[in-house]
Amino acid sequence: MKSPVTVTELLKMKQAKEKIVALTAYDYPFARMVDESGVHIILVGDSLGMVVQGKTSTLPVTMDEMIYHTKLVSSAAAYAMVVGDMPFMSYQAGISEAVTNAGRFLKEAGAAAVKLEGGASVSPVIKAISNASIPVQAHIGLTPQSFHMMGGFKVQRDEERLLADAKEVEAAGAFSVVLEGIPADIAKKITASISIPTIGIGAGPDCDGQILVLHDLLGLNERKLPKFVKQYENLGKIARQGLENYVKEVQSGVFPSKEHCY
Ligand code: KIV
């Protein structure tokens, strides 16, 4: 069995121009499938607020909920690096609280790293968490926890600011940075101008790696999907068909049949 992916291996993959594959997961059965598919990073994203809890944003997700889901994923992942996503207000109110909360992901939930949203404005937080020996993945561009400030979930196009944010988070000690919702040409420039791996989502093909939300990729999110999503399967349709068949068969007396009886 291969040993778990480390931050040094991810850096080497960037240097060797080998694409890094990342995906979210939130529970044991899916995390196991994702891990066994060869994905390098499993992010336990706060996107679970929308795709698992059915909320309209990620803002209500709590630290305890993130710890619970990260535990489930860590217990399934043998190869992929598990990254715990720091939820809204778990790192914004103060550096000491941010370090304590980041530590919970490693200490209680078995993650190997944490992710948090923001560029230059959160670089002191990234520095403090990294100094506590907790690897940090940064996240710049369209940062969903700031949708009220951004006026919605909008593509971010300020090249100068995006480049500055990428350099700041690298200087603060981030081992990698997620680039979300930014034009492909800007993502390409950022990727060439920093030495840590960039992981794109809605940021074009030239990032060092890609990430998607599992439920979007598998057709389990029945809301309108962003342009950058590719749906590889439609498990939602298959699940609905199975459930309808079950209801019909129970009502018509087809199930349980002799083979299901003792
Ligand atoms: O919460 C999440 O799933 C994320 C990814 C979309 C990068 O932040």
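All ligand and atom numbering here is 1-based and tracks the order in the structure. It should be emphasised that the depicted structure is a prediction, and the values quoted were computed from it without experimental measurement.
Within the listing of ligand 1, atoms 8 (O) sit less than 4.0 angstrom from a heavy atom of His139. Annotation for ligand 1: atoms under 4.0 Å from non-hydrogen atoms of Thr24 are 3 (O). Listed by number with element, the atoms of ligand 1 under 4.0 Å from a non-hydrogen atom of Gly45 are 1 (O), 2 (C), 3 (O).
Taking the side chain as every heavy atom from C-beta outward, Tyr26 and Thr70 never approach each other to under 4.5 Å. Using a 4.5 Å heavy-atom threshold, the side chains of Lys115 and Val136 count as separate.
The shortest contact between atom 6 (C) of ligand 1 and any protein heavy atom is with Ile201 CD1, 3.6 Å. The single protein non-hydrogen atom nearest to atom 4 (C) of ligand 1 is Leu43 CD2, 3.5 Å, given as residue, atom name and distance. The nearest protein atom to atom 3 (O) of ligand 1, hydrogens excluded, is given as Ser47 OG, 2.5 Å; this is a heavy-atom distance.
A side-chain hydrogen bond (donor to acceptor under 3.5 Å, both in side chains) with Glu222 holds for exactly one of Arg240, Lys237, His215; it is Arg240.
Considering backbone and side-chain atoms together, Asp46 places an N or O closer than 3.5 Å to an N or O of ligand 1.
Residue contacts with ligand 1 include Lys115, since one or more of its heavy atoms lies under 4.0 Å from the ligand.
Only side-chain heavy atoms of Asp85 come within less than 4.0 Å of ligand 1; its backbone N, CA, C and O stay farther off.
Distance check, rounded to the nearest 0.5 Å: CD1 of Ile201 to CG of Leu179 gives 11.0 Å.
Under the 30°/60° scheme for interplanar angles, the aromatic rings of Phe153 and Phe147 are found to lie parallel.
Look at Glu244 and Lys248 and you find no salt bridge, because none of the NZ, NE, NH1 or NH2 atoms lies under 4.0 Å from a carboxylate O.
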